[in-house]
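Only a predicted model underlies this, so the values are computations on that prediction, with no experimental measurement involved. First the proteins, then the strands, lettered A, B, ... as listed; each starts at 1.
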2 protein chains.
Amino acid sequence: MSKVTIRHVAEAAGVAVKTVSRVMNGEPNVTRDLQDRVMKAVDALGYVPSMAARRMGGSRSFLLVALNDRLNTINNWRSGRGNDWIDQMLHGAMLTCEAHGYRMLFELVEAGSDDLDRKVVAILSALQPDGIILTPPHSENRALVEMLTRRQVPVARMGVRGEGLGFGVFMDDRRAAEEATRHLIGLGHARIGFIAGSPRFQASRQRREGYADALRSAGLTVDEALIAPGDFTFESGVAATERLLALPDRPTAILASNDEMALAALHVASRRGIGVPDLSLVSFDDTPGVRLSVPGLTSIRQPISDMAARAAELLIGVSKTGDATPSDHLLPFGLEIRGSTAARQ
Amino acid sequence: MSKVTIRHVAEAAGVAVKTVSRVMNGEPNVTRDLQDRVMKAVDALGYVPSMAARRMGGSRSFLLVALNDRLNTINNWRSGRGNDWIDQMLHGAMLTCEAHGYRMLFELVEAGSDDLDRKVVAILSALQPDGIILTPPHSENRALVEMLTRRQVPVARMGVRGEGLGFGVFMDDRRAAEEATRHLIGLGHARIGFIAGSPRFQASRQRREGYADALRSAGLTVDEALIAPGDFTFESGVAATERLLALPDRPTAILASNDEMALAALHVASRRGIGVPDLSLVSFDDTPGVRLSVPGLTSIRQPISDMAARAAELLIGVSKTGDATPSDHLLPFGLEIRGSTAARQ
DNA sequence: CTGAAAGCGCTAACAG
DNA sequence: CTGTTAGCGCTTTCAG
């Protein structure tokens, strides 16, 4: 009862071990008759191949590793703030792996640490995954992707374009920012503030460009005074909002590069007695908190779960077929309209 | 460069393969001299043992599996509501595993499904973990724990007492509810409503008892009219609160069995023009949302991350030493006081 | 289309 | 204290 191996199945079905292996892996060249006999034995015995043995014998490990930023993730956990990225990534990638008989292992390594390469190599050696999913900021780390590629590990890069190194699964941050801004313009806003994200992330720069795109194509000028720096933290959002609201001709709407900073803006506005959506607010990321604020924040939803699912699917495809690295995949974003945006009074 | 095995290390250090194995596993009976030589070779070559091979050869897999409720987890992910339990569990268990050279794999199985046993057995067969962490409601599933025990898999049960089957890591829900209620009584409240949780969970029943304990030891009577049923959903919280606030002699404070229902209470109160903390509110769980509501909710903090860490640690201990199942571990909870509770006017 | 034999990289058991 | 040998449960050759 405990520990049914391929040999037991082979005996029970009266076939060779290799035939069982063929059936389990859906390989060709097995008659339906034998297939049935094997499957019957498999079901009867409750046989499930051992992952470890599969890895030892064959060339696949049926394992994908997702690499996440250590500091960021742990800080979020520790502060009890939740971790939407991780949650959505698990959602998309784990379920996809499961559906294909793969497992996903989740690893944290510190971005920017000197021995990042060593750490990653250790993970590769220990786990020998069939593919690796990189999340920001690792996905933007060229050196890392190059190292992985050199070692022939298929790499999916979340949130960025692959540009020939691994493959990217991403959304168009620029067009998202443009759409968010256009939403505000459509409501009659002309002076729209922008709170930028940390320039460390590609997406931050693109969001800023999209914001400018929308203004320009609406015939509005891009006023640098309306662009405040931020780094995705609440504190930076507070500072940025204060700066924007102190302007002589202050904005009637603000687009923040993430939810945290938008919530900061909401906070500052209320402290100054400015109502929202009198001051309209749009944010990026659509994390759980934006539904709970009063009013709820209009927000750009990143398709994190879809990106992760796609990443996993493509990596599994590579590992199954041995095909070359897939090409980049662009996924659609969403604009969730809530109470924080309204027509300009 | 790619694929350094134990043999390479043995050659480089001029020792037998087994000696390397001994050093890697911290086994006794190796002179310091050889130890150093081996370690030098290990570092030089960047050797990291293959998990799969270790599992194949030896008796350990260096793998822990955490079993979570499928439906619940996926629903939370899907709705974008976040998943504090999962986050905190990962926080505690993953980091602990990492520190001991173990990995944690996270699996979702549907509680109450007919073939739960089959699913779990499949996971055991495929992964052969050194231990398994059960979260609610799986941790309360006696039949499941019995099956696991029969198969000699060490089992940690989160959130419940072990009572001889596996071992439990848990907090005292009853005393927590008592403390929360006492906090309200201390503020001068005498009519305190209680919104119960789904009776499916042991903790729900205990919380209710703790509530009653506190009232009784303060010399107050337990008025059944002040106890409203709930099932942990927002909707049930709305219904319960409406019922409580419609009472002729309505409560001046409410203790809700989780955050979601407390947020519902906040919502209903505000709709009825009742201010919080005029109506004082205490919740259970201290999930991220309670910090964002206005006012923030006073809440009982479950030590989920600590419980998970302890569970992992103890399982790893068993796997290393082969000791018997550890005994139950009680962990302290916290009471986070925020703006939703104040002295009775 | 099917099967037999040879490992994969490690550790357990046993010798020295 | 150290080394040798025999597997673990699979898949990959390579024969039939």
Side-chain angles (χ1 to χ4, degrees), chain A residues 2-38 41-42 45-63 101 122 124-130 319-320 322, chain B residues 2-38 41-42 45-63 101 122 124-130 319-320 322:
Chain A
S2 65
K3 194 141 295 187
V4 179
T5 73
I6 197 171
R7 185 160 285 136
H8 302 163
V9 178
E11 269 168 37
V15 298
V17 172
K18 176 68 217 186
T19 303
V20 179
S21 173
R22 284 209 178 86
V23 173
M24 293 307 289
N25 292 296
E27 286 171 27
N29 298 335
V30 186
T31 51
R32 275 214 52 91
D33 176 47
L34 278 196
Q35 232 176 89
D36 288 349
R37 247 163 63 205
V38 169
V42 165
L45 298 174
Y47 169 66
V48 179
S50 147
M51 252 192 123
R54 253 146 88 110
R55 161 70 261 186
M56 284 302 291
S59 51
R60 290 193 279 168
S61 63
F62 297 89
L63 227 202
L124 295 180
S125 310
L127 267 15
Q128 293 157 274
D130 292 337
S319 129
K320 271 186 170 151
Chain B
S2 64
K3 195 143 290 187
V4 180
T5 74
I6 197 171
R7 186 161 281 134
H8 302 165
V9 177
E11 270 169 35
V15 298
V17 176
K18 178 68 215 186
T19 302
V20 179
S21 172
R22 284 209 179 86
V23 173
M24 293 308 289
N25 292 297
E27 285 171 27
N29 298 336
V30 187
T31 51
R32 274 212 56 87
D33 177 47
L34 277 195
Q35 230 177 88
D36 288 349
R37 248 162 64 204
V38 169
V42 165
L45 299 173
Y47 170 66
V48 179
S50 146
M51 252 191 123
R54 276 178 124 183
R55 162 69 261 187
M56 285 303 292
S59 51
R60 291 192 278 168
S61 64
F62 297 89
L63 227 202
L124 294 180
S125 310
L127 268 14
Q128 292 157 276
D130 291 337
S319 131
K320 272 186 169 153

Check the distance between C:dT11's P and B:Met51's CE and give it to me in whole angstrom.
12 Å

Can you identify which nucleotide, out of C:dC1, D:dT2, C:dC8, has its nearest atom closest to the A:Met56 side chain?
C:dC8

Give a yes/no on whether any side-chain N or O of A:Ser50 is located under 4.0 angstrom from OP1 or OP2 of D:dG9.
no

B:Arg22 side chain: which of D:dC1, D:dG3, D:dT11 is closest?
D:dG3

Between D:dT11, C:dC1, C:dT11, spot the one nearest the side chain of B:Arg54, thanks.
C:dT11

Measure across B:Met24 and B:Arg54 and return the closest heavy-atom pair with its distance rounded to 0.1 Å.
O-NH2, 4.2 Å

Spacing between B:His8 atom NE2 and C:dG9 atom P, to the nearest angstrom:
7 Å

So, does A:Asn29 get its side chain near the phosphate of C:dT2, meaning an N or O under 4.0 Å from OP1 or OP2?
no

Do B:Lys3 and B:His8 have side-chain heavy atoms sitting under 4.5 Å apart?
no

Which residue lies toward the 5' end of DNA chain C, A:Gly14 or B:Ser21, if each is placed at its nearest nucleotide?
A:Gly14

I want to verify a distance call: between D:dC1, D:dT4, C:dG9, whose nearest atom is closest to the B:Thr31 side chain?
D:dC1

For the backbone of A:Ala13 and the side chain of A:Arg37, can you confirm whether one donor and one acceptor N or O come within less than 3.5 Å of each other?
yes

D:dC1 P sits how many Å from B:Leu34 CG, rounded?
11 Å

Between B:Pro28 and B:Ala53, which has a closest nucleotide on DNA chain D that is more 5'?
B:Pro28

Protein-nucleotide distance (B:Arg7, atom CZ; D:dG3, atom C1'), rounded to Å:
13 Å

At under 4.0 Å between heavy atoms, what does B:Gly57 touch on the DNA or RNA strands: base, sugar-phosphate, or nothing?
base

Any non-hydrogen side-chain atom of A:Val4 less than 4.5 Å from a side-chain atom of B:Ser125?
no

When we call it a touch if two heavy atoms are under 4.0 Å apart, what does B:Val15 touch: a base, just sugar-phosphate, or nothing?
sugar-phosphate

On DNA chain D, does the nearest nucleotide to B:Val30 precede the nearest nucleotide to B:Gln128 from the 5' side, or the other way round? Give the residue.
B:Val30

If you look at every strand shown and take non-hydrogen atoms under 4.0 Å, does A:Tyr47 touch a base, only sugar-phosphate, or nothing?
sugar-phosphate

What is the separation between atom CE on B:Met24 and atom P on C:dA12, rounded to the nearest whole Å?
14 Å

What is the distance, rounded to the nearest whole Å, between atom NZ of B:Lys18 and atom P of C:dA15?
16 Å

Please confirm whether the shortest side-chain N or O distance from B:Thr5 to OP1 or OP2 of C:dC8 is below 4.0 Å.
no

Checking all strands, does B:Val17 fall into the base, sugar-phosphate, or nothing category for heavy-atom contacts under 4.0 angstrom?
base

Looking at every heavy atom in both A:Arg55 and B:Ala52, which two are closest together, and how far apart are they?
CG-CB, 3.3 Å

Do A:Gln128 and A:Leu63 come close enough that some side-chain heavy atom pair is under 4.5 Å?
no

Taking only N and O in the side chain of A:Thr19, is any of them less than 4.0 Å away from OP1 or OP2 of C:dG3?
yes

Roughly, in whole Å, what's the span from CZ in A:Arg37 to P in C:dG3?
8 Å

For A:Asn25 and D:dT13, give me the distance from atom CG to atom P, rounded to whole Å.
14 Å

